[in-house]
Amino acid sequence: MKVACLQIDIAFGDIETNIETASRALAEAMKEQPDVVVLPELWTTGYDLTRLDVLADENGEKSRALLSGWAKGYAVNLVGGSIAKRTETGVTNTMYVYNRAGELVSEYSKAHLFQLMDEHKYLEAGSSEHSFELENVPCAGFICYDIRFPEWLRAHTSKGAQVLFVVAEWPQPRLAHWRTLLQARAIENQCFVVACNRAGNDPANVFAGHSLVLDPWGEVVAEAGEAPELLVAELDFAKVPEVRRGIPVFADRRPDLYQ
Ligand SMILES: NC(=O)CCC(=O)C(=O)O
């Protein structure tokens, strides 16, 4: 499976510009013939949370049409980052995944809201899990702050996920946490981690970039720098059983002592 992370800059609250940027980045990525393309968190609006009353996408409809059209048009699987979705009860930070036919594979709303960036004031948390398959490979998808909750990711790998997709707007001052947490999640779950962060600034943050692809041994397969970049990597799934046979963490777990 060849994956491509679109580490783009995101214009604050400027949906039109962001769609143009993502569309250009996707066209560029397709020259590498990836199987899966990944976008960052809140890539249409950025963290312009105080204007979600005008910016949030009604039931995610416009974002879904756009992502589905891109997936079908390019015949590529799309982990569509996340967008601000307006629901009947509030706004959620929601990820959509599409297959090569442009069909919706799964939907997930960020379960852990990040107070340091005011998410709890403007967003509603999701409460459903996020397992899905792409190209017959069991996968799971998470949004940024979720990676600080190892039990949440484990809940998905204990059901079989072999690739953890992470979409993010992770700020630069915590770059060391980003790299360490992602590496720990790959090592402890003995699976691939494909993490797409954004580049650039907004009025409150400088973002870290450093989108990262890790293998089930925790080795870096590919890593971006801080600027906008296309990150492409090949995942060799033979590594998953190889690592899991060597150190049988899943067989050795003690669910009688903990969940
Ligand atoms: N957008 C986010 O969830 C940011 C999470 C973050 O920066 C962290 O340190 O955790």
Side-chain angles (χ1 to χ4, degrees), residues 5-15 18 22 38-52 55-57 60 63 79-85 90-96 107-130 140-156 164-186 188-189 193-212 214 223-226 228 231:
C5 295
L6 308 188
Q7 180 175 295
I8 53 174
D9 192 356
I10 295 170
F12 195 61
D14 184 347
I15 295 175
N18 293 326
V38 190
L39 280 153
E41 181 182 19
L42 292 179
W43 66 271
T44 54
T45 57
Y47 262 86
D48 195 353
L49 301 183
T50 59
R51 291 203 310 133
L52 286 183
L55 294 176
D57 186 4
S63 310
V79 175
S82 72
I83 58 96
K85 172 188 176 184
V91 179
T92 54
N93 183 342
T94 298
M95 180 192 296
Y96 295 110
E107 169 174 349
Y108 165 70
S109 293
K110 189 174 187 177
H112 304 94
L113 298 182
F114 190 52
Q115 298 199 28
L116 201 56
M117 284 164 70
D118 282 346
E119 285 193 319
H120 62 303
K121 293 186 189 157
Y122 300 99
L123 298 173
E124 253 180 19
S127 49
S128 51
E129 65 153 55
H130 194 211
F142 304 96
I143 306 180
C144 209
Y145 184 45
D146 280 339
I147 64 170
R148 289 190 186 268
F149 300 86
E151 55 277 56
W152 185 226
L153 280 68
R154 172 73 94 198
H156 294 74
L164 305 179
F165 289 98
V166 178
V167 307
E169 290 213 26
W170 194 282
Q172 202 282 334
R174 294 183 296 284
L175 171 59
H177 289 196
W178 165 256
R179 295 189 83 263
T180 305
L181 290 165
L182 290 171
Q183 194 174 28
R185 300 297 83 87
E188 72 202 0
N189 290 295
V193 170
V194 177
C196 182
N197 195 20
R198 66 162 287 184
N201 309 330
D202 72 8
N205 300 285
V206 175
F207 294 95
H210 283 264
S211 295
L212 198 53
L214 296 152
E223 180 167 6
E226 204 165 304
L231 185 73

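Every number for a ligand or one of its atoms is a count from 1 in the order of the listing. Keep in mind that this is a model prediction, so the values were computed, not measured.
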Problem - Shortest non-hydrogen contact from Ala84 toward Leu42 - result: N-CD2, 3.7 Å
For the backbone of [Y] and the side chain of [X], can you confirm whether one donor and one acceptor N or O come within less than 3.5 Å of each other?
| X | Y | result |
| --- | --- | --- |
| Glu119 | Phe114 | yes |
| Gln172 | Val206 | no |
| His120 | Leu113 | no |
| Asp14 | Ala11 | no |

Short list, please: which atoms of ligand 1 are under 4.0 Å from a heavy atom of [X]?
| X | value |
| --- | --- |
| Arg148 | 8 (C), 9 (O), 10 (O) |
| Tyr47 | 1 (N), 2 (C) |
| Lys110 | 1 (N), 2 (C), 3 (O) |
| Pro171 | 7 (O) |
| Glu41 | 1 (N), 2 (C) |

Fill in the blank from the handout: Going by the 4.0 angstrom heavy-atom rule, the piece of Tyr145 near ligand 1 is both
Completion exercise
At under 4.0 Å between heavy atoms, what of Trp178 touches ligand 1? The answer is neither
Problem - Pairing of Arg198 and Asp9 as salt bridge, 4.0 angstrom limit - result: yes
Exercise for the section: Mark the output for His177 as yes if a heavy-atom distance to ligand 1 is under 4.0 Å, and as no if none is. Expected result: no
Problem - Which residue and heavy atom of the protein sit nearest atom 7 (O) of ligand 1, plus the separation - result: Arg174 NH2, 2.7 Å
Exercise for the section: Measure the distance from atom 4 (C) of ligand 1 to every protein heavy atom, then report the residue, atom name and distance (to 0.1 Å) of the closest one. Expected result: Cys144 SG, 3.2 Å
Problem - Spacing of CZ belonging to Phe207 relative to CG belonging to Asn197, to within rounding of 0.5 Å - result: 8.0 Å
